[in-house]
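In what follows, a structure is listed as C-alpha cells, so that the remarks can point back to it.
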Amino acid sequence: MKKKMVMAALALVLGAGASFQASAQVKPEVLVKQRQAAMTLQGKYFGPIGAMMQGKMPYDAAVVARNSAFLEELAKMPWDGFQASTADLKSDAKPEIYKEMDKFKSNWEKFEVNASKLAAAAKSGDQNAVKAAFGEVGKSCKGCHDDYKVKH
Ligand code: ASC
C-alpha cells in the first residue's frame, strides 16, 4: 500500500517535470510575439505619462500611478523572449543582441530598476520625483533602442 502511494507520487512528480520541459520549448515565433506584445504595452502605458510630463495632457496622479505600476511589471516581460532560436526571424531586434547578451542584459536590468523607481515615485505622489524618474526610464528605452533596435 505504502509502496503504491510512493509510486503514484513519483509518477506525479515525473509527469509534472515532463510537461514543464515541453512548455519550456516555446516556438521562436511565439517568443517574438511575446517580446513585441510586452514592448507595445510598455509604449501604451509610458506614452500618456510622457504627454503629461511635456504638458500636453493635464497631470493625473492616478493614471501616472496605475501606468507606472503596469510598467514596472511589463519591464520584466520581454527578455526571456530574446533567445538564439529567434535570431533568424524577422523583427526589429538586431542580431548584435545575441552576440552581446551580457551588455544587452545589463541594459534591460537598468531599465527594470528605472521602471521600479518610477513606480515608487508615482506612489509617493511627488511630481518632481516622477519627472526625474520618468527621464531615466526614457533614457534606458532610448539607449537600448539605439544599439539594438532596427530603425525604419
Ligand atoms: C516610447 C516608445 C519608445 C520610448 C522612447 C523613450 O513610448 O515607443 O521607444 O518611449 O521613445 O525615449
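What you see is a predicted model; the values in this text were computed from it and never measured. No hydrogens, no waters, no symmetry mates; every other heavy atom, side chains included, goes into these values. For ligands, and for the atoms within them, numbers begin at 1 and follow the listed sequence.
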Point to revise | No-hydrogen, no-angle side-chain donor-acceptor test under 3.5 Å, Asp92 and His152 | key: yes
Check your understanding: Is atom 10 (O) of ligand 1 less than 4.0 angstrom from some protein heavy atom?
Key -> yes
Practice item. Look at the rings of Phe134 and Phe46 and say which category their plane angle falls in: under 30° parallel, 30 to 60° tilted, over 60° perpendicular. Key: parallel
Revision key, fill the gap. shortest atom 5 (C) of ligand 1-to-protein heavy-atom contact is with Cys141 CB, 3.9 Å
Study note, to complete from the structure: For atom 2 (C) of ligand 1, the closest protein heavy atom turns out to be Gly43 CA, 4.8 Å
Exercise for review: Just need the protein heavy atom nearest to atom 7 (O) of ligand 1, so name the residue and atom and give the distance.
Suggested key: Phe46 CD2, 3.4 Å
Review point. Which residues satisfy the side-chain hydrogen bond (donor to acceptor under 3.5 Å, both in side chains) test with Lys56, sequence neighbours excluded?
Key: Gln54
**Study point:** Pairs satisfying salt bridge (charged side-chain N to carboxylate O under 4.0 Å, His left out), at least one member in residues 108-122, at least two apart
**Key:** Lys105-Glu109
Point to revise | Distance-only N or O hit between ligand 1 and His145, under 3.5 Å | key: yes
Review point. So, Gln83 versus Tyr98: side-chain donor-acceptor pair below 3.5 Å or not?
Key: no
Review point. Going by the order shown, which atoms of ligand 1 are within less than 4.0 Å of some heavy atom of Lys142?
Key: 12 (O)
Exercise for review: Specify the protein heavy atom at minimum distance from atom 12 (O) of ligand 1: its residue, its atom name, and the distance to 0.1 Å.
Suggested key: Gly138 O, 3.1 Å
Practice item. Give a yes-or-no answer on whether the side chains of Asp80 and Gln34 include a donor-acceptor pair shorter than 3.5 Å. Key: yes
